[in-house]
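All remarks here apply to the structure that follows.
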There are 2 protein chains.
Amino acid sequence: MTTRTPDAEPLLTPAEVATMFRVDPKTVTRWAKAGKLTSIRTLGGHRRYREAEVRALLKGVPSMGSDL
Amino acid sequence: MTTRTPDAEPLLTPAEVATMFRVDPKTVTRWAKAGKLTSIRTLGGHRRYREAEVRALLKGVPSMGSDL
DNA sequence: CTCGAGTGGGGTAATTGGGGTA
DNA sequence: TCTGTCCCAATTACCCCACTCG
């Protein structure tokens, strides 16, 4: 039954990412525009984000060494 | 080359494509109707999509530098 | 032929994109 | 500089039922 999955990576909708980050979907769109987030575009122009990337960003930031 | 394969291109069902794009199967049907996706119709009227085409669309554009 | 699941077609509500502003 | 909200137009998601697929 698993012979019917070509190659699909888990993608998230803007609303999903926005909920995970507790921000507005528009803000997520700005991140994508700024190149901070990898965005896969649908054929209609909407964006889909990689769940792995979002989760990695949520887990911990690869930057910020000094605290404030 | 002892492969007995006539001309079998890997075809995907609407549900397959929908999962890869994280959209609804109906949305994939709309893409086919809009001519954005190459759809092969079965004898019953159902649609099948080329895996190569879908994958190419998912990847995006292979051209992009630091220009925007 | 029967059966479960998926698909097509149409219609309507919700989300998304882009720009401008606070 | 970054985010939230407004507008409007386009795209997408979910409802129905009948037919096709394997």
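Within the shown strands, dC14(D) is the pairing partner of dG11(C) under the Watson-Crick or G-U definition, both distances less than 3.5 Å. In this structure, dT1(D) makes no Watson-Crick or G-U wobble pair, since no nucleotide meets both defining distances under 3.5 angstrom.
Arg47(B) has its CZ atom 15 Å from the P atom of dT20(D), to the nearest Å. Across the protein-nucleic acid pair, Leu12(A) atom CG and dA13(D) atom P stand 14 Å apart, rounded to whole Å. For the pair Leu43(B) CG and dG8(C) C1', the computed distance is 16 Å after rounding to whole Å. Between the CZ atom of Arg41(A) and the P atom of dT12(D) there is a distance of 11 Å, rounded to whole Å. Distance CG (Leu11(B)) to P (dG22(D)): 11 Å, rounded to an integer number of Å. In this structure, Asp24(B) places its CG atom 15 Å from P of dT15(C), rounding to the nearest Å.
Between Val17(A) and Val23(A), every side-chain heavy-atom pair lies at or beyond the 4.5 Å cut-off.
For Thr29(A) and dG17(C), the shortest distance from a side-chain N or O to OP1 or OP2 is below 4.0 Å. Note on Trp31(B): a side-chain N or O is less than 4.0 Å away from OP1 or OP2 of dT12(D). Listed pair Thr42(A) / dT12(D) meets the phosphate criterion, a side-chain N or O lying under 4.0 Å from OP1 or OP2. An OP1 or OP2 oxygen of dG6(C) is reached within less than 4.0 angstrom by no side-chain nitrogen or oxygen of Thr13(B). Within the 4.0 Å cut-off from OP1 or OP2 of dT3(D), not a single side-chain nitrogen or oxygen of Arg22(A) is found.
Atom CZ of Arg41(B) has more than 12 heavy atoms from other residues, nucleotides or ligands within 6.0 Å.
In the set dG8(C), dC14(D), dT7(C), dT7(C) carries the atom at the smallest distance from any side-chain atom of Arg48(B). Of the listed nucleotides (dG4(D), dA13(D), dC21(D)), dG4(D) has the atom at the smallest distance from the side chain of Arg30(A). Out of dG6(C), dT12(D), dC14(D), the shortest distance to the side chain of Thr27(B) is found at dT12(D). Closest to the side chain of Lys36(A), from the set dT16(C), dT3(D), dC2(D), is dC2(D).
Rounded to the nearest 0.5 angstrom, Leu12(A) CG and Glu51(A) CD are separated by 5.0 Å.
Using modelled atom types, one side-chain atom of Arg22(B) and one backbone atom of Leu11(A) make a donor-acceptor pair closer than 3.5 Å.
Heavy-atom nearest nucleotides on DNA chain C were determined for Lys33(B) and for Pro14(B), and the one closer to the 5' end corresponds to Pro14(B).
Side chain Lys26(B) to base dG11(C): no donor-acceptor pair is found below 3.5 Å.
Trp31(B) has its ring centre less than 6.0 Å from the ring centre of Phe21(B).
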